[in-house]
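Take a look at the structure below.
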Amino acid sequence: MGLQLVKNIDMPELPEVENYRIYLEDTSMNRLITGIEIVDQRLIKVPEDVLQNELINKSFVSSRRIGKYLFISTSGTQILVVHFGLTGNLEFYKDVEDRPKYAQVLFHFNDGFTLAYLSRRKFGWIDLANDIENFRKTKKLGRDATEIAFEEFYEPIKKSKAPIKSKLLDQKYFAGIGNWIADEILYQSKLHPKSMAYRLTKQDFKLLFEKMQHILAVALQHHAVFEEFPEYFLIHNRKDGGTCYHTGDDLVRIEVGGRGSYVSPEWQEKK
DNA sequence: TCCTATGTTGTCAT
DNA sequence: AATGACAACATAGG
């Protein structure tokens with residue numbers, strides 16, 4: 001039996017997208033696609049007839065995730081590229097009355113089952129690609145954050161004059177870090193998100209890299225169910241009124257690079 | 001009514 | 001050319 005997806009997890013960062021990938025693998029592979037239903041045309045980056053022509057009478061055969069992007073290889077020549085934006089999910093079902101709310105693109109299989117791509121806020125999208133590596137380079141998408149070595153983390157961002165948090169969030173250096181994970185990395189590294197990258201030492205970057213790997217490993221291990229994360233994780237308290245696990249101080253919400261950020265001011269040093 | 005939301009992309013200024 | 005700041009995108013919920 002496959003992973004039972006927790007419903008309505010709307011936080012598609014690297015670990016959550018890995019959940020969707022496993023769910024896809026457990027439900028939807030090697031079934032003949034007989035119809036594709038598109039509810040809102042704006043969510044697909046190719047014309048509807050192209051999507052139909054390339055995928056109907058084909059099947060999904062394998063999947064790969066890079067950062068927050070899901071690539072689904074098919075028995076045809078095209079690879080389906082799926083991004084969840086700020087909200088999204090996949091849901092596999094059979095009965096019409098089980099059709100999920102916010103379904104935007106539906107792949108109907110010949111055995112009566114359907115895989116639905118959900119997008120509540122419609123910031124996600126679906127595209128086609130010929131080749132994953134080519135797509136990755138064209139779209140300036142970095143390698144997956146779980147696969148990079150320290151030098152690949154450190155070299156591209158060490159001299160940047162932007163806040164370190166903005167660099168962690170930039171998908172072109174390494175891919176998969178989103179807003180809560182960036183806050184988590186900085187909290188566990190005891191560094192303030194507004195610290196300029198170029199002011200950090202190599203030791204700071206080593207710490208950031210280790211914490212990034214640790215946080216991703218924990219989140220993947222627990223299938224992104226944060227209630228199961230260790231209690232020293234910021235995410236348990238990352239909300240208005242939350243307090244720092246280490247100091248007991250109130251967490252402060254600030255804005256960094258246009259993104260809401262939670263900080264424990266005494267705990268996290270601004271450099 | 002106003003504000004926020006876990007992401008990406010295009011535009012503009014430096 | 002490259003970098004960084006910021007608005008825009010669409011919708012729901014507090």
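Per chain, numbering begins at 1; letters A, B, ... match sequence-line order. Given the structure is predicted, the values throughout are model-derived calculations rather than measurements.
- The side chain of A:Arg259 places an N or O atom within less than 4.0 Å of a non-bridging phosphate oxygen (OP1 or OP2) of B:dG7.
- With C:dT11, B:dT8, B:dT4 as the candidates, the nucleotide lying closest to the side chain of A:Asp40 is C:dT11.
- Candidate nucleotides C:dG4, B:dT8, C:dT11 were compared by shortest atom distance to the side chain of A:Tyr173, and C:dG4 ranks first.
- Distance noted for atom P between C:dA7 and B:dC3: 14 Å (whole Å).
- One interatomic measurement links the two molecules: OH of A:Tyr198 to C1' of C:dT3, which rounds to 14 Å at whole-angstrom precision.
- In terms of phosphate contacts, A:His83 brings a side-chain nitrogen or oxygen within less than 4.0 Å of OP1 or OP2 of B:dT8.
- Whole-Å rounding puts the A:Asn179 CG to B:dT8 C1' distance at 13 Å.
- A straight line from CZ of A:Phe123 to P of B:dG7 spans 11 Å, rounded to a whole angstrom.
- Taking atom C1' on both nucleotides, C:dA12 is separated from B:dT9 by 23 Å, rounded to a whole Å.
- Atom NZ in A:Lys172 sits about 9 Å away from atom C1' in C:dG4, given to the nearest Å.
- A:Gln41 has its CD atom 16 Å from the C1' atom of C:dA10, to the nearest Å.
- For the pair A:Lys68 NZ and B:dT9 P, the computed distance is 11 Å after rounding to whole Å.
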Could you walk me through whether A:His246 and A:Tyr187 pass the ring-ring contact (aromatic ring centres under 6.0 Å, His included) check? CA-CA 10 Å; A:His246 301 282; A:Tyr187 179 73; 5.7 Å; yes
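- Both A:Gly258 and A:Lys45 lie near DNA chain B, and the one whose nearest nucleotide falls closer to the 5' end is A:Gly258.
- Residues A:Glu231 and A:His236 have side chains that never bring a donor and an acceptor to within less than 3.5 angstrom of each other.
- Side-chain contact, A:Lys202 with A:Tyr154: no donor N or O sits under 3.5 Å from an acceptor N or O.
- Salt bridge present: A:Asp183 and A:Lys165 bring a charged side-chain N and a carboxylate O closer than 4.0 Å.
- Here the C1' atom of nucleotide B:dT6 and the CG atom of A:Leu86 are 7 Å apart, to the nearest Å.
- The side chain of A:Trp180 has B:dT6 as its nearest neighbour among B:dT4, B:dT6, C:dT11.
- Residue side chain A:Arg121 reaches the base of B:dA5 through a donor-acceptor N/O pair under 3.5 Å, judged by distance alone.
- Contacts of A:Lys167 with the nucleic acid, taken as non-hydrogen atoms under 4.0 Å apart, involve only primed sugar atoms and P, OP1 or OP2.
- Taking every side-chain heavy atom of A:Glu13 into account, B:dG7 is the closest of B:dT4, B:dT9, B:dG7.
- OP1 or OP2 of C:dT11 sits under 4.0 Å from a side-chain N or O of A:Lys122.
- Across all strands shown, B:dG7 pairs with C:dC9; the Watson-Crick or G-U wobble distances both stay below 3.5 Å.
- If you take CG of A:Asp170 and P of C:dT3, they are 10 Å apart, rounded to a whole angstrom.
- The main-chain N or O of A:Gly67 is found under 3.5 Å from a side-chain atom of A:Arg65 such that the two form a donor-acceptor pair.
- Note: A:Phe92 and A:Tyr23 fail the aromatic proximity criterion, with ring centroids not under 6.0 Å apart.
- Taking 4.0 angstrom as the limit, A:Gln171 places a side-chain polar atom (N or O) nearer than this to OP1 or OP2 of B:dT8.
- As judged by a 4.0 angstrom heavy-atom cut-off over every strand, A:Ser160 is placed among residues touching the sugar-phosphate backbone only.
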